[in-house]
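Here's the structure we're looking at; comments come further down.
Nothing fancy with the numbering, it's 1 onward along the sequence. Note that the structure is a prediction, hence the values are computed from the model and not measured.
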Amino acid sequence: MTAPARDALLAVAALLAPDAPRVAEHAGAAHDDPGAFLLEHAERLDERGIDEPFPLLAWIALVNALADHGLLAEADWKESPGEITGRLRALRSAPPADELWTSLARSELPTYEFLEAAGKRLHSTGTALAVLDIESDCYPLVLLPATRGDDLTAFAAAAGFSAEVLGR
């Protein structure tokens with residue numbers, strides 16, 4: 001990853017975790033020395049089936065750090081809307097919109113359709129719902145100000161990764 005790509009990765013971290021600089025440090029460490037990062041975090045990375053450095057390692061490190069700081073929720077591709085809503089509502093970045101969360105939890109849509117619908121509903125509160133693509137069958141989900149959704153996708157692309165704002 002080039003210096004501009006590293007800077008873009010750190011910009012994603014700062015955008016999603018503005019009050020948690022350790023998130024950027026974690027992602028930066030994975031970028032700067034993938035082998036050492038892998039050794040230091042072998043147990044956690046083994047949970048994802050990662051046992052050697054690979055191109056998505058810094059992005060996975062970011063995802064793990066965001067989750068550790070209560071800023072990312074993972075949902076399986078076949079998880080119920082109620083379970084997903086509960087995880088999103090618990091995020092530090094979640095808007096305090098009780099009626100919205102209760103309404104979303106009652107949905108019976110399949111997972112991706114639910115995420116698109118939830119993204120549209122959340123947008124009305126000024127919040128964007130986005131997925132950080134880690135090339136797996138789960139959805140690492142983040143919430144951020146709706147006005148910053150384009151920044152997230154642009155920074156992710158500049159870093160060589162993919163993020164998608166849902167429900168636009």
Which atoms form the tightest heavy-atom contact between [X] and [Y], and what is the distance?
| X | Y | answer |
| --- | --- | --- |
| A8 | A158 | CB-CB, 3.6 Å |
| A61 | A27 | CB-CA, 4.2 Å |
| A58 | A30 | CA-CB, 3.7 Å |
| K120 | G167 | CG-O, 2.9 Å |
| A163 | L132 | CB-CD2, 3.8 Å |
| T125 | A97 | CG2-CB, 4.4 Å |

Begin from the C-alpha positions of D19 and R92 and carry the test salt bridge (charged side-chain N to carboxylate O under 4.0 Å, His left out) through to its verdict.
-> CA-CA 11 Å; D19 63 345; R92 291 180 23 216; 2.7 Å; yes

[X] side chain to [Y] backbone, donor-acceptor under 3.5 Å:
| X | Y | answer |
| --- | --- | --- |
| D33 | A36 | yes |
| T111 | W77 | yes |
| T102 | D98 | yes |
| S107 | L104 | no |
| T85 | P81 | yes |
| H69 | A65 | yes |

Over 60° means perpendicular and under 30° means parallel, so classify the ring planes of F161 and W59, tilted if in between.
->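 Rings of W59 and F161: parallel, under 30°.
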
[X], [Y]: one ILVMFWY side-chain cluster at the under-4.5 Å cut-off?
| X | Y | answer |
| --- | --- | --- |
| Y112 | L72 | no |
| L62 | L56 | yes |
| V23 | I60 | yes |
| L100 | F114 | yes |
| L66 | V12 | yes |

Compare all side-chain heavy atoms of [X] with those of [Y] and state whether any distance is below 4.5 angstrom.
| X | Y | value |
| --- | --- | --- |
| I50 | L57 | yes |
| L38 | D51 | no |
| L144 | T127 | no |
| V131 | V165 | no |
| R148 | L15 | yes |

Given side-chain contact (heavy atoms from CB on, under 4.5 Å), test I84 with D76 step by step and report yes or no.
-> CA-CA 9 Å; I84 297 168; D76 189 79; over 6 Å; no

Where do V142 and L129 land on the side-chain contact (heavy atoms from CB on, under 4.5 Å) test, with the steps shown first?
-> CA-CA 6 Å; V142 294; L129 172 62; over 6 Å; no

[X] and [Y] ion-paired at < 4.0 Å:
| X | Y | result |
| --- | --- | --- |
| R48 | E74 | yes |
| K78 | D137 | no |
| E79 | R87 | yes |

Can you establish whether the number of heavy atoms outside R44 located under 6.0 Å from its atom CZ is more than 12?
-> yes

To the nearest 0.5 Å, what is the distance between CG (L115) and CG (L109)?
-> 10.0 Å

What's the verdict on ring-ring contact (aromatic ring centres under 6.0 Å, His included) for F37 and H26, showing C-alpha distance, side-chain angles and the deciding distance?
-> CA-CA 9 Å; F37 185 86; H26 197 72; 4.9 Å; yes

Under the side-chain contact (heavy atoms from CB on, under 4.5 Å) criterion, do W101 and L122 qualify, and how do the steps go?
-> CA-CA 9 Å; W101 294 117; L122 282 160; 3.7 Å; yes

Show the numbers, then the answer: is there a side-chain contact (heavy atoms from CB on, under 4.5 Å) between L91 and L71?
-> CA-CA 5 Å; L91 294 179; L71 294 166; 5.6 Å; no

